[in-house]
Amino acid sequence: MSAHQCGCEGQVKQAQADEAEKYVKLAQIIDEYKGQRGVLIQALHKAQGVFGWLPEEVQIKVADGLDIPLAEVHGVATFYSFFHIIPRGEHTIRVCLGTACYVRGGKQVLEQFEKELKTKVRGTTEDRTFSLEINRCVGACGLAPVVTVGADIYRRVKLDKVPEIIAKYTGGK
Amino acid sequence: MPLYRSHILVCTGTTCVLKGCTAVQSALIAEIKRRGLENEVKVVETGCLGISEKGPVMIVYPEGVTYCQLKVSDIPEIVEEHLLKGRTVSRLVYTGPVTGEVKPAHPGRQKEQRIVLKNIGIIDPTSIEEYIAYGGYEVLGKALTQMTPEQVVAEVKTSQLRGRGGAAFPTGIKWELTAQAKGDNKSVICNADEGEPGNFKDRLILEGDPHCVVEAMIIAGYAVGAKTGYLYIRGEYHQSVAHTEKAIADAKAMGLLGKDIFGSGFDYDIKVFKGAGAYVCGEETALIESLEGRRGESMVKPPFPPTQGLWGQPTVINNVETLANIPHIILNGGEWYAGIGTEKSKGTKIFSPCGDVFYPGVYEVPFGITMREVIYELAGGTKSGKPFKAVLVGGPSGACVGAESMDKTFAYEDLAPGAGALIVMDEDKCIVDTVNNCLKFFVHESCGQCIPCREGTKRMYEMTKSWTEGQGEEADLALMQALTSNLALTSRCGLGQVAGTAFATSYKLFPDEYLSHVVGAECPTGKCTMTNGGGKNNG
Amino acid sequence: MEQVTLTIDGKEVSVPKGSTVLDASKAAGIGIPTLCHLENVHAIGACRICLVDVGARSLQTACTYPASEGMKVVTNNPRVRSARKTVVELMLSAHRQECTCCPRSLNCELQKVAKILGIQEHRFDGEMPEQILDTSSPSITRDSSKCILCRRCVTVCQQVQGVGALFPVDRGFETAIVPALKNDLIDVACVMCGQCVSVCPVGALYEKDSTDDVWKAIADPTKHVVVQTAPAVRAALGEEFGMPAGTRVTGQMVTALRQMGFDKVFDTDFTADLTILEEGNELLHRVKNGGTLPMITSCSPGWIKYIEHFYPTLLPHLSTCKSPQQMFGALAKTYYAEKAGIKPEDIFVVSIMPCTAKKYECQRTEMSAHPGIPDVDVVLTTRELGKMIREMGMDFANLPKGECDSPLGLSTGAAVIFGATGGVMEAALRTVYEVVTGETLDNVNFTAIRGLEGVKEATVKVGDLDVKVAIASGLSNAKKLMEKIKNGEADYHFIEIMCCPGGCLGGGGQPIPTTNEIRKARMGAIYEEDEHLTIRKSHENPAVLALYAEFLGEPLGHKSHELLHTHYTPRAKYPETDKEEVTTGGE
Amino acid sequence: MLETTQCPNCKKTDVADIRDCVRQFGRDQGNLIPILHAVQKKYGYLTADATEEIADWLGIHASEVYGTATFYTLFSTKPLGKYVVRLCDSPPCHIEGSLSIQKAIEEDLGVGNGETTEDGLFTLEVVSCFGLCGVAPAIMVNDEVHGNLTPEMIPAILSKYRKEGN
Amino acid sequence: MANTVNLTINGMSVQAEEGMTVLQAAQKAGVYIPTLCYHPDLSIEGVCRICVVEIKGQRLLCPSCAYPVAEGMDINTHSPKVREARRTIIELLLANHPDECLTCSNNQKCELQRLAKELGVQQVRFEGARRDVPIDTSNPSVIRNMDKCILCKRCVRVCHEMQSVGAIFANKRGWDTVIAPPFNKELSEMVCVFCGQCINRCPTGALKGNDPAAEVWEALSDPDKHVVVQTAPAVRAAIGEEFGMPAGSLVTGKMVAALKMMGFDKVFDTDFTADLTILEEGNELLHRLKTGGTLPIITSCSPGWINFIEHFYPEQLPHLSTCKSPQQMFGALAKTYYAEKMGIDPSKIVVVSIMPCTAKKYESERPEMRSSGYQDVDYVLTTREAAGMMKEAGIDLPNLEDGKFDLPLGMSTGAAVIFGNTGGVMEAALRTVYEVVTGKTLENVEIKAVRGMEGVREAEIDLDGTKVKAAVAHGLANARKILDLIKEGKADYAFVEVMCCPGGCIGGGGQPHPTSEEIRKKRAEAIYAEDSGMALRKSHENPAVLTLYKEFLGEPLSHKSHELLHTKYTAKTKKKAKA
């Protein structure tokens with residue numbers, strides 16, 4: 001780290017401190033569930049709440065803490081689509097592929113996002129700004145195809161609208 | 001026999017036909033007739049005169065003048081000048097050095113010692129009279145009337161003649177085994193199913209001197225106690241079939257075949273059997289199957305043909321060239337023959353260099369000649385003048401030999417010649433491509449009954465093919481070697497056993513060239529399909 | 001016990017309450033095919049092969065459906081047949097079919113089921129799941145392309161062995177059984193016991209095949225190839241050739257090995273006896289000198305790896321003795337090499353073991369008497385030996401009986417029973433008793449510590465001393481004892497632990513299948529072999545005594561320590577993960 | 001359905017004709033290949049009727065007659081073109097460029113290996129060595145041989161047959 | 001006595017007889033050598049090279065099946081070289097073999113599969129083009145999938161050598177070689193007698209029967225259908241083999257129990273109509289003898305044989321008995337007599353046969369075989385296929401308790417049982433004819449003169465002074481010999497029994513794999529044992545048959561008999577495709 005000349009040590013230190021704090025929280029979560037049965041999913045939920053995703057280290061800590069084989073923790077984590085074992089982006093873009101959206105070009109919209117963001121479904125952009133997901137029906141079929149970004153909902157998304165949506169969250173970067 | 005003032009020998013060997021000798025010949029006959037010379041001059045068709053590259057060719061006797069590169073328009077001049085006026089048409093005369101009766105095409109021909117090919121180009125192969133005039137069937141008389149079968153076999157044994165088809169089994173021993181085997185319907189088979197790429201010597205003999213083979217077969221029949229001889233000729237050799245059929249008919253007409261030949265009490269007949277396109281029938285047991293009207297699939301050995309061959313009877317099978325030696329051996333004695341050649345390889349051998357050589361052709365030389373002499377002196381070196389790279393000795397089933405063996409001698413104890421094919425490659429040729437082509441040949445010609453050969457040749461071909469397309473994997477090389485040695489160990493007949501030889505031997509010589517294809521996906525010569533369509537005409 | 005009566009295919013049958021339909025059908029003599037079902041271990045109804053018609057709207061899995069009074073079960077009607085067929089066909093659509101070169105060919109449950117159900121077409125053709133081929137482990141190879149996701153391996157790893165190295169990840173069509181974090185097996189806390197291989201119905205898990213290395217060594221004229229065979233092998237090898245479980249084939253095995261071309265056929269039993277002398281003395285030493293107690297046996301490499309990963313703090317409890325296999329290797333390349341006048345590097349030691357973990361053990365760097373030369377070169381499982389004998393085309397059952405070569409082939413009944421759980425303990429007690437008391441032990445059979453229970457305890461009076469012993473087989477049972485020690489609740493002197501249920505006779509390298517019934521039969525064979533031997537105590541083995549006299553000096557001597565003892569390495573429970581990604585997250 | 005034998009010239013069916021053709025040979029299996037040669041020569045290929053006829057005459061099974069015929073490359077069980085162009089692609093010819101000759105022939109005829117031109121005039125067959133290695137690369141058109149070929153020579157050679165054939 | 005030769009095999013001193021092959025010598029010494037193209041019934045082909053061994057002094061490995069022993073020979077059957085060679089060969093075969101074991105009819109019985117396992121093949125190092133030939137499903141009996149063919153030619157050899165039918169042969173050559181009927185026709189277009197002997201010799205799944213199991217299951221589960229099954233005599237002596245029992249295990253009762261478990265409404269026995277056949281055929285013989293009809297009369301039970309004579313010797317068809325085969329008599333009666341008796345609409349009756357035979361499948365579909373007004377026999381299962389259905393139903397045959405055939409069509413005598421063996425029909429007929437002609441009781445019912453395994457057997461029977469010459473042939477090559485004798489007028493027999501398959505029906509094409517002379521003998525013994533254990537051993541003593549005549553048919557050769565139990569034959573050409 002000493003090789004850094006750009007004056008970012010401060011930032012790095014801050015990040016390390018944040019990280020350490022997260023692990024403290026994780027230890028609390030684990031303590032909370034220790035010795036109980038059938039709590040793995042709740043624990044993972046909470047852990048993901050802290051970290052935003054489930055890094056390997058977190059899975060290991062959970063496995064150890066709850067005395068569950070790591071293979072099982074990992075297996076459960078990969079079973080539920082809610083859990084993320086790769087880091088999440090700042091914003092999650094969800095393209096609806098429910099029947100109505102699908103027939104109105106949801107698939108193409110998704111592909112357009114994949115192309116623009118250079119990532120696949122369930123992936124995260126290199127700069128961790130976006131994660132790309134698919135949705136099953138959000139109940140806005142009249143306005144298909146629908147894309148959600150966080151709490152924002154975009155309706156009747158056409159292909160040429162995709163860069164616009166992205167730009168909104170990158171501030172034009 | 002009418003007496004002619006002049007004989008004109010017109011070469012009608014297969015290669016000369018390509019050059020247009022037929023038209024020249026008919027023009028000549030017409031012109032002679034027009035001039036009223038038909039009772040004085042006889043036009044004789046003959047087999048290859050050995051200078052086909054200069055064809056069409058004719059020789060006028062008794063002067064022994066050779067005219068070459070003839071056109072139909074040259075004929076009136078020759079008839080006018082030479083036959084009527086006795087003046088040589090010098091602009092058409094072949095100017096190469098001339099020795100003896102043969103007109104060599106180039107200096108290298110002087111190295112030849114013609115025993116088997118003695119009559120080739122000298123006599124009219126369609127005339128039994130000429131054959132007889134040149135001493136033919138005299139030996140047959142000698143053998144049938146003055147010698148016992150045992151003596152004939154002994155003479156052949158003394159000569160130490162070995163089979164010329166490639167396997168080099170001692171002929172005398174083969175005859176002896178067959179003679180001693182029990183059977184009331186023994187056969188002699190002349191194997192003229194010459195199919196090995198690069199070989200065309202047997203074709204030349206059958207086209208140019210069929211009686212020699214017929215005579216030898218009768219002697220062989222007498223020696224082993226056979227009743228019938230079979231001449232198994234490749235179906236593609238139309239002229240060979242025509243000439244031998246005529247020879248047999250003529251011999252029959254003269255009582256040289258049939259009942260009680262020469263009053264010896266010996267009955268014998270020869271049948272010509274036309275093959276139908278299967279290289280594997282050159283394998284002796286497959287040939288027998290084919291003669292019996294079956295698929296040409298090799299048989300389980302033992303038993304071997306000398307004890308159980310055609311129709312389950314003792315059978316002797318000899319190559320054309322092997323048999324063509326016989327009359328000379330009986331005439332001059334085994335001792336004489338054993339005096340020619342090297343310690344373990346007696347007599348002469350016919351070679352047929354082809355591929356990238358200046359003078360492709362058929363040459364008969366004594367054993368012990370070096371490869372350099374054959375390739376550089378007889379065949380004139382590479383056609384392109386570029387450095388020599390390698391030669392497939394004996395054809396695709398033989399070994400790939402490189403320049404380092406140039407001074408080895410052709411002899412069974414040194415460099416085994418196979419059937420005599422020499423497929424020469426200059427430095428421009430890609431070894432992998434050539435081996436791939438050899439394997440393609442074996443895939444096409446495998447009879448398909450035994451697993452290693454049927455499936456193995458296919459897999460070997462697929463592998464080399466992928467190499468020439470830059471699709472190889474390094475592990476392929478080890479796999480190919482393993483497969484090659486397994487085929488050699490387990491295949492039922494020679495075809496599968498030798499199918500991998502070209503690869504195995506060439507890989508030893510040119511490992512880098514293989515690696516470059518397999519690992520580097522690159523052909524150093526640029527001749528592979530990976531770079532272009534292959535072959536000289538695309539270069 | 002309360003019984004329920006039901007009819008299956010019109011046949012009335014009574015079974016204890018709580019039985020499944022599958023149990024009932026067995027009692028009725030009606031076959032129902034199964035795949036994921038693993039008796040006493042695993043009934044999850046995942047594979048759907050055992051579907052039957054119980055009159056409900058949907059078909060039910062016989063392995064999970066409880067038998068009830070008056071129930072009418074139909075195991076064979078168009079619905080059932082078509083369902084089963086479809087299930088198998090679907091399985092096949094995601095199963096890489098290369099039966100002919102699969103290690104499980106002709107011993108594959110899927111192959112058998114397909115045959116029984118008369119499957120003759122393959123209607124579903126499409127994308128195959130991505131193949132994960134993991135050859136990282138020296139013991140076990142995993143090939144997901146053949147996996148039918150029955151999860152037997154998961155259950156056995158987790159519940160029977162308490163290791164939990166494997167678990168399903170992802171879901172639906174993408175589901176795969178993998179080690180944690182989709183690591184390679186070598187990178188996780190796998191103990192290499194091979195129990196997963198043993199229960200795998202297909203060829204998705206199998207031992208790393210080393211037979212070619214052995215064939216090569218045998219064919220190499222410069223190598224002096226010796227072979228040792230573990231005690232449990234002889235009680236199971238016959239099963240590879242269709243002989244009933246529990247057939248003793250020691251003599252045939254020796255003859256087969258000799259005909260295969262081994263230069264010497266020795267016996268791991270020899271070093272099993274040696275182990276008793278070393279370990280017995282170590283125990284006495286610890287008892288006398290207040291060493292760490294309880295002392296735990298160290299013959300089982302799966303167990304060693306387990307304690308290294310999961311209880312590294314308890315490592316001082318382990319006996320420092322190497323396993324008999326490794327003692328043998330060390331002696332073969334020192335004592336025997338000297339005696340026979342052969343250079344150690346020219347000796348090639350092959351072990352035939354009931355165990356896949358032994359393949360790992362022999363590669364441990366500690367296990368070489370000469371630097372750079374492993375003491376044991378190749379370990380083969382019982383199955384691999386079976387394979388080699390088949391390749392030789394031998395009529396195994398009818399081979400003449402042969403005898404092991406000396407000196408490393410001489411052994412006692414005490415060594416033979418090493419193959420069964422409790423055997424090491426019994427063998428040790430036979431010797432310790434006589435050493436301590438100086439009296440002759442009349443009844444050498446310590447039947448109290450025999451049997452297949454997971455954890456056994458006993459107190460044995462040795463002279464004045466009440467020796468408290470415990471025995472566990474199967475790692476989840478071992479875990480119970482470890483927790484006791486950890487919590488200071490264990491007052492044992494001596495504990496025997498075997499990694500695999502039933503001990504080595506149930507090892508992961510033994511013929512497939514291995515069931516409790518088969519374990520019992522093999523155990524019977526082992527005790528029978530012991531009974532038939534005249535010498536049944538390790539300290540009476542004349543070859544071992546000669547070894548001490550000629551070479552080692554005395555138990556626990558300097559040379560012993562050098563060659564026969566070892567040390568253990570604490571290992572992480574989890575693989576080294578790439579922490580970089582976590583800590584640089586803020587950039 | 002089995003095709004009936006047709007005379008290639010008059011297109012007439014003549015079973016008796018086949019019979020005569022077959023029965024000039026002795027009733028011995030050794031004559032099978034000579035008979036096949038004769039039938040091939042007369043009809044251009046081996047017909048189903050001829051197969052039955054030969055089998056009957058020689059007292060062997062039709063399956064064996066057919067199996068044997070298909071073993072040999074000179075026999076065909078399908079009608080061939082009037083001219084069969086056989087191109088050698090064994091090593092001597094291959095080295096000397098037979099592939100470029102093949103290309104030239106394929107371009108000229110518009111058919112590939114084993115195929116017959118639409119007008120029924122030519123069939124192209126890539127075959128093994130026929131002993132013209134001295135004049136490689138070489139082809140045979142029916143019984144006639146052509147050697148020392150270059151791709152440029154092909155159109156002239158083929159057009160000669162085309163003229164003769166039409 | 002042949003000379004003894006001393007050899008060494010794998011270091012052991014072994015003695016063999018001169019003229020033996022290395023394989024025979026090894027087998028005699030108890031040394032196993034794997035084989036593939038070799039089959040004990042057939043001539044030596046020597047093409048698969050699996051049985052190669054290393055013989056000291058030989059440059060090449062030698063095929064032991066074809067290599068004669070010689071004094072002092074030193075043989076190694078499993079040297080590293082040999083094992084490597086065998087493994088390579090198997091790999092080469094596998095590289096050109098579909099990866100379909102799990103859906104293959106021969107799964108777990110396949111010799112290629114077994115060899116791959118035995119030789120420790122764990123990878124196929126070669127890959128490339130694979131054979132791709134259309135599957136021939138043209139006929140009701142034999143399905144040919146040449147993609148699975150390894151070209152061992154066992155099928156070709158059995159078809160030509162044992163059966164002299166010659167429907168198939170090796171076509172083309174080298175890698176393109178394919179075993180097929182001429183002109184790549186389908187089997188139904190050629191003269192195939194559908195005997196299925198090729199299936200029984202095939203080491204892989206390239207040849208299999210046309211299996212109607214699915215249709216039979218469907219019928220069984222259809223509540224509207226009354227499904228009855230008949231089992232041929234030879235089935236009970238072989239079906240146990242499919243369940244791992246040794247050859248020659250007689251499992252009549254277990255088989256009946258299994259069929260009942262499968263859900264057949266009635267389990268009947270073809271033996272019943274075998275007895276009936278004897279009465280009809282015996283009377284036909286007597287009639288011809290008396291009235292100077294065409295002699296010899298030849299049996300007509302074997303449908304492969306019927307196909308053969310129709311195609312190859314149509315001019316001799318008048319020699320055939322006009323009796324239908326027992327299977328077809330059964331079918332006709334089940335849908336007339338039995339239907340009437342039980343009051344079941346014949347259109348609701350489904351008749352399933354379990355036969356040792358694949359030609360029976362073809363027979364049941366012949367247009368002549370509809371004298372009940374319906375197809376008399378609906379489905380024919382081979383022994384193998386029936387066992388497959390039992391396995392699918394989870395039936396553990398060897399451990400079942402014996403069941404009993406249903407009445408009336410399940411009643412039979414020992415004379416009917418022996419129909420399964422070559423010579424059996426003859427023996428059964430003679431038992432009846434003797435008593436009918438002489439009016440005396442036959443004391444010793446076992447007529448050993450017509451038993452045995454020789455291809456053609458002759459016997460002269462003394463019918464109280466009248467000598468009758470009879471002949472028995474099995475395997476069509478042997479049948480051909482008799483037909484040629486008749487053709488040449490050299491046959492002075494009164495009665496000839498011909499069975500299509502070697503050994504008779506016990507060696508039928510629908511029987512369990514493998515088959516060999518030894519196995520056939522064991523099955524034959526089981527059949528004779530069943531006969532000798534029965535109380536009634538003469539067909540004319542079968543009470544159910546007698547009742548049948550009384551209630552329904554009237555008398556042998558009656559009008560109703562002719563309508564239901566007799567048939568006619570059609571001359572067919574060898575050029576079947578044209579028809």
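We use all heavy atoms of the structure for the numbers below, so side chains are in, but hydrogens, waters and symmetry mates are not. All figures in this text were calculated on a predicted structure; none of them were measured in a lab. Below, chain A is the first sequence line, B the second, and so on; all start at residue 1.
With a 4.5 Å cut-off on side-chain heavy atoms, C:V74 and C:D9 count as touching. By the 4.5 Å heavy-atom criterion applied to side chains, E:L102 and E:N107 are counted as neighbours.
Across C:F396 and C:G238, no two heavy atoms sit closer than the pair CE2-CA, 4.3 Å. Of all heavy-atom pairs spanning E:Q113 and E:N106, the tightest one is OE1-O, 4.3 Å. The two residues E:T382 and E:G510 have their closest heavy-atom pair at CB-O, 3.5 Å.
Proximity to chain E (any heavy atom under 4.5 Å) is shown, for C:R96, by neither the backbone nor the side chain. Only the side chain of E:R87 comes within contact range of chain C, judged by heavy atoms closer than 4.5 Å. With a 4.5 angstrom heavy-atom cutoff, C:L92 touches chain E only via side-chain atoms. For a residue to count as touching a neighbouring chain, one of its non-hydrogen atoms must lie under 4.5 Å from one of that chain's; by this rule E:Q123 touches chain C with the backbone only. For E:L94, the part lying near chain C is the side chain, with the backbone staying farther off; criterion is any non-hydrogen pair under 4.5 Å. With a threshold of 4.5 angstrom between heavy atoms, E:N399 does not approach chain C through any atom at all. Heavy atoms of C:E121 lying under 4.5 Å from chain E belong exclusively to its backbone. If you measure heavy-atom distances from C:L110 to chain E, the contacts under 4.5 Å come from both the backbone and the side chain.
With sequence neighbours excluded, no residue forms a ring pair (Phe, Tyr, Trp, His ring centres under 6.0 Å) with E:F243.
Against chain E, the residues from residues 207-215 of chain C that qualify, each with a non-hydrogen atom under 4.5 angstrom away, are C:D209, C:D212, C:W215 in number order. Taking non-hydrogen atoms and a 4.5 Å limit, the residue list of residues 216-223 of chain E in contact with chain C, ordered by number, reads E:W217, E:S221.
No side-chain N or O of C:Y206 forms a donor-acceptor pair with one of E:Q122 less than 3.5 Å apart. Looking only at atom types and distance, the side chain of C:T7 has no donor-acceptor partner in the side chain of C:E12 under 3.5 Å away. For E:T8 and E:D74, the side-chain atoms include no donor-acceptor pair closer than 3.5 Å.
Comparing C:I30, C:L106, C:L117 by how many heavy-atom pairs each has under 4.5 Å with chain E, the most go to C:L106. Annotation: maximal heavy-atom pairing with chain E below 4.5 Å, among C:Q97, C:R390, C:K11, occurs at C:Q97. Per-residue heavy-atom pair counts under 4.5 Å with chain E were compared for C:M388, C:K387, C:R81, C:M392, and the maximum is reached by C:R81.
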Quiz prompt | Derivation and outcome, side-chain hydrogen bond (donor to acceptor under 3.5 Å, both in side chains), residues C:Q131 and C:D143 | solution = CA-CA 7 Å; C:Q131 180 186 17; C:D143 180 355; 3.0 Å; yes
Quiz item: Yes or no on side-chain contact (heavy atoms from CB on, under 4.5 Å) for E:I395 and E:M261, after CA distance, side-chain angles and deciding distance?
Solution: CA-CA 8 Å; E:I395 293 168; E:M261 279 174 80; 3.8 Å; yes
Quiz prompt | Residue pair C:E384, C:K359: steps toward the salt bridge (charged side-chain N to carboxylate O under 4.0 Å, His left out) verdict | solution = CA-CA 12 Å; C:E384 284 169 276; C:K359 286 175 181 270; 2.8 Å; yes
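Pairs of residues two or more places apart, or lying in two chains, that qualify as salt bridge (Lys or Arg N to Asp or Glu O under 4.0 Å) and include a residue from residues 99-118 of chain C are C:E109-C:R152.
Only one option out of E:I354, E:V352, E:D211 pairs with E:Y379 in a side-chain contact (heavy atoms from CB on, under 4.5 Å); it is E:V352.
Note that SG of E:C104 and CG of E:N145 are 8.0 Å apart. Values are rounded to the nearest 0.5 Å.
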